[in-house]
Amino acid sequence: ALAVWGTHGATIVRIVDAGGPVTITLRPGTVLPLYKSATGRAFAAFHRSPYLKKLLDKELDEAAQSAKTAVTPLRRQLEKNLTESRDKGIARATGSLTPGINGFSAPVFDHSGLMVAAITSLGPVGEFNVEWDSPVASAMLKASSELSQRLGFNDHEKS
């Protein structure tokens, strides 16, 4: 899937079905949550938008109310996840948005170093390896790097 930052958040603009035995239904125009989805977490980790923080705070508050827990532990766990994503250069979600589905999402940067899109790969638990050094993660990192370079991004200048 390819997502961009739209009016309401991380928005799917293109889907390619791999044709496997399990179909994951995402449609263009779908806005994904920042807190629970790999795509949303990629935007939360790498995208800069004043609206993003407000949207993320709202999602965390709703998640805390739904789980009947305090928001602070959820925020701490999310910050840990986002820090790990920034360190690895890719975000992941393990069954958190759709039970039984794992995903990786990698940021795509433009010539000015701003995140302009995310590419996401999803698959069923048990068949989709979510280890940071898995072949899927490596392929996602390579693809996002190549797309970023095509948009003029030079990661050697990245601060």
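Not measured: the values here are computed from a predicted model.
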Taken in chain and number order and not counting sequence neighbours, the residues that satisfy side-chain hydrogen bond (donor to acceptor under 3.5 Å, both in side chains) with Q77 are N81

With the 4.5 Å side-chain cut-off for hydrophobic clustering, are I119 and F46 part of the same group? no

Tightest non-hydrogen contact, residues A42 and M115, listed as O-SD, 3.8 Å

By side-chain hydrogen bond (donor to acceptor under 3.5 Å, both in side chains), S112 pairs with (sequence neighbours left out) D110

Across all chains, not counting sequence neighbours, the side-chain contact (heavy atoms from CB on, under 4.5 Å) partners of E131 are N129, D133, S134

On a heavy-atom basis, the closest approach of I101 and V125 is N-CG2, 3.9 Å

Exercise for the section: Side-chain contact test, heavy atoms from C-beta onward, threshold under 4.5 Å: evaluate it for L34 versus L52 and give yes or no. Expected result: yes

- request: Give a yes or no on whether the backbone of V130 and the side-chain of R92 come within a donor-acceptor separation of less than 3.5 Å.
  value: yes

dist S49:OG -> L114:CG (nearest 0.5 Å) comes out at 11.0 Å

Please check if the side chain of H111 supplies one atom and the backbone of F153 the other of a donor-acceptor pair under 3.5 Å.
no

Sequence neighbours excluded, the answer for side-chain contact (heavy atoms from CB on, under 4.5 Å) partners of K88 is E84, I90, W132

In short, A118 meets F43 closest at the heavy-atom pair CB-CE1, 3.6 Å

Applied to residues 53-63, the side chain to side chain donor-acceptor pair (under 3.5 Å) test, sequence neighbours excluded, yields K53-D57, D57-R75

query: Any side-chain heavy-atom pair from V116 and F109 closer than 4.5 angstrom?
result: no

Q: Answer with yes or no whether the hydrophobic clustering places F104 together with V4; edges join I, L, V, M, F, W, Y residues whose side-chain heavy atoms lie under 4.5 Å apart.
A: yes

Between the CD atom in Q149 and the OG atom in S144, the distance rounded to the nearest 0.5 Å is 9.5 Å

Under a single-linkage definition using a 4.5 Å side-chain heavy-atom cutoff for Ile, Leu, Val, Met, Phe, Trp and Tyr, are L32 and L2 assigned to the same hydrophobic cluster? no

Checklist entry - Heavy atoms, side chains only, cut-off 4.5 Å: are V108 and L151 in contact? => result yes

Original post:
Going only through I, L, V, M, F, W and Y residues with side-chain contacts under 4.5 Å, is there a path from I12 to L147?
Top reply: no

Residues pairing under side chain to side chain donor-acceptor pair (under 3.5 Å) where one sits in residues 2-14, two or more places apart or in two chains, turn out to be none

Given the rule that I, L, V, M, F, W and Y join up when any side-chain heavy atoms are under 4.5 Å apart, are Y35 and Y51 in one cluster? yes

inquiry  = Can you confirm whether S121 sits close enough to F128 that some side-chain heavy atom of one is under 4.5 Å from a side-chain heavy atom of the other?
reply    = yes

Residue set satisfying side-chain hydrogen bond (donor to acceptor under 3.5 Å, both in side chains) with T120, at least two apart, ordered chain then number -> T39, S105

Smallest heavy-atom separation, A93 atom then R41 atom, equals CA-NH1, 3.8 Å

Shortest non-hydrogen pair, S37 vs G40, comes out as OG-N, 2.8 Å

By side-chain contact (heavy atoms from CB on, under 4.5 Å), E79 pairs with (sequence neighbours left out) L82, R86

Notebook entry, point to check: Is any side-chain heavy atom of V13 closer than 4.5 Å to a side-chain heavy atom of P28?
Noted result: no

